[in-house]
Protein chains: 2
Amino acid sequence: MTRDISDILKTNGFKITSTRLAILKVFSSDCKPINAEYIHDKLKKEKVNIVTIYRTLISFENAGIIKRVDMQKDSVYYELAGHHHHHIICTDCGMVESFDGCDLDNLSKEVLKSSNNFSLINKHSLELFGLCKKCCKN
Amino acid sequence: MTRDISDILKTNGFKITSTRLAILKVFSSDCKPINAEYIHDKLKKEKVNIVTIYRTLISFENAGIIKRVDMQKDSVYYELAGHHHHHIICTDCGMVESFDGCDLDNLSKEVLKSSNNFSLINKHSLELFGLCKKCCKN
DNA sequence: ATATTAAATGCAAATAGGTTGCAATTGTGG
DNA sequence: CCACAATTGCAACCTATTTGCATTTAATAT
């Protein structure tokens with residue numbers, strides 16, 4: 001487990017530090033998009049400086065270990081890049097559920113075919129917003 | 001034209017001011033997602049305070065006149081809410097093209113059916129990212 | 001094991017994007 | 001054209017994030 005995590009660092013050419021291991025552990029234990037402050041809170045015993053967290057997030061994103069998620073919030077949320085999926089987000093309480101099978105490759109091909117200006121699509125963002133059962137009752 | 005625009009304001013219960021007309025005119029002449037600073041630049045002759053622009057954007061969004069677009073940038077982008085569509089965005093030069101026919105209502109239904117926790121989906125964000133023909137040559 | 005060194009971290013300060021309080025101005029119904 | 005609430009501008013503030021620089025530390029060579 002910690003083995004897997006330090007392998008992630010090693011294969012990406014990062015030095016293995018307790019801070020980075022801890023940040024990765026937060027990502028893999030909480031299976032939802034999180035932001036710098038959330039990580040900072042989770043690691044408050046470890047007294048990790050928030051600047052370090054921001055810097056780590058940037059380098060993890062560049063390495064493709066994590067990726068941004070559009071949560072329509074005021075700060076940047078990330079999650080492990082692992083396998084491709086998307087989210088439903090409750091606009092009331094923030095609850096998040098994920099789903100696979102977006103089948104946007106087809107759409108991308110169609111769009112590309114009928115576009116005069118674009119020649120490559122390599123990424124997409126897709127999030128659904130709504131209300132969870134609990135919040136819907138209000 | 002200016003008539004149409006002031007009607008938008010009137011039907012939404014806004015007072016008709018030159019600032020608001022000017023902001024709406026920027027939206028309708030530039031058919032792409034724009035942010036507060038872009039509007040501020042376009043209206044620099046008119047010397048509109050940027051705070052006013054921020055406030056106007058918020059009230060237009062609340063009224064449903066404009067809506068947010070996820071551009072994966074550091075500021076909030078909006079466009080006229082008009083008809084439903086999405087974008088392809090060049091991650092190199094920022095060029096934007098739009099397309100219709102996302103057919104996410106089907107996907108939403110499927111997702112909702114197989115979700116234990118959600119009972120309503122009323123919004124989605126979908127953007128494609130890639131390279132335009134010009135940038136692809138580099 | 002130890003020295004070396006580039007990478008990683010912490011701290012303080014700066015920046016960027018956006019918001020708030022309040023006083024001055026202005027559009028609009030009566 | 002009067003009254004008044006809505007709108008705007010200005011200054012100050014706030015939150016999220018970045019930068020500069022000095023210090024520490026993991027990894028490598030010895």
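Letters A, B, ... are given to chains in the order of the sequence lines, protein chains preceding strands, and every chain is numbered from 1. We use all heavy atoms of the structure for the numbers below, so side chains are in, but hydrogens, waters and symmetry mates are not.
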Walking DNA chain D from its 5' end, the first of Lys15(B) and Val48(B) to be reached, judged by nearest nucleotide, is Lys15(B)
When the nearest nucleotide of DNA chain D is assigned to Thr19(B) and to Ile50(A) on a heavy-atom basis, which residue is associated with the more 5' position? Thr19(B)
Output the rounded distance in Å from [atom1] ([X]) to [atom2] ([N]).
X: Ile58(A); N: dT19(D); atom1: CD1; atom2: P; result: 7 Å
X: Leu57(B); N: dT7(D); atom1: CG; atom2: P; result: 14 Å
X: Leu21(A); N: dA27(D); atom1: CG; atom2: C1'; result: 15 Å
X: Ile39(B); N: dT8(D); atom1: CD1; atom2: C1'; result: 16 Å
X: Asp41(A); N: dA16(D); atom1: CG; atom2: P; result: 11 Å

Can you confirm whether or not the ring centre of Phe14(A) sits under 6.0 Å from the ring centre of Phe60(A)?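 Between Phe60(A) and Phe14(A), which both carry aromatic rings, the centre distance is below 6.0 Å.
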Within the pair Tyr54(A) and dT18(D), is there a side-chain N or O less than 4.0 Å away from OP1 or OP2?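 Answer is no, no contact under 4.0 Å.
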Can you find a side chain N or O atom of Arg20(B) that sits less than 4.0 Å from OP1 or OP2 on dT8(D)? yes
Quick check on contacts: within residues 61-81 of chain A, what sits under 4.0 Å from DNA chain C by heavy-atom distance?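 The stretch gives none, as no residue of it lies under 4.0 Å from the strand.
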Parallel, tilted or perpendicular: which fits the ring planes of Phe99(A) and His86(A), with parallel below 30° and perpendicular above 60°?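 Geometry flag for His86(A) against Phe99(A): tilted rings.
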Indicate the ring-plane relationship of Tyr78(A) and Phe27(A), choosing parallel, tilted or perpendicular according to the 30° and 60° boundaries.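 Perpendicular: the ring planes of Tyr78(A) and Phe27(A) meet at over 60°.
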With a 6.0 Å cut-off (strictly less than), is the heavy-atom count around NZ of Lys73(A), excluding the residue itself, greater than 12? yes
Count the heavy atoms belonging to other residues, nucleotides or ligands that lie under 6.0 Å from NZ of Lys133(B), then report whether that count exceeds 12. yes
Nearest-nucleotide check on DNA chain C, Ser18(B) vs Glu37(B); residue mapping nearer the 5' end is Glu37(B)
Ranking Ile53(A) and Val51(B) by the position along DNA chain C of their nearest nucleotide, the one closer to 5' is Ile53(A)
Of all nucleotides in DNA chain C with an atom under 4.0 Å from a non-hydrogen atom of chain A, which is the first and which the last going 5' to 3'? dA6(C) to dA12(C)
Distance-only polar pair, side chains of Asp70(B) and Ser125(B), donor-acceptor under 3.5 Å: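 No pair is found: no donor N or O on one side chain lies under 3.5 Å from an acceptor on the other.
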Hey, does Asn62(B) have a side-chain heavy atom less than 4.5 Å from the side chain of Ile58(B)? yes
Tell me whether Thr91(A) contacts the main-chain N or O of Gly130(A) through its side chain, where contact means a donor paired with an acceptor under 3.5 Å.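 A pair under 3.5 Å: yes.
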Grouping I, L, V, M, F, W and Y whenever their side-chain heavy atoms are under 4.5 Å apart, do Leu104(B) and Ile121(B) come out in a common cluster?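 Leu104(B) clusters together with Ile121(B).
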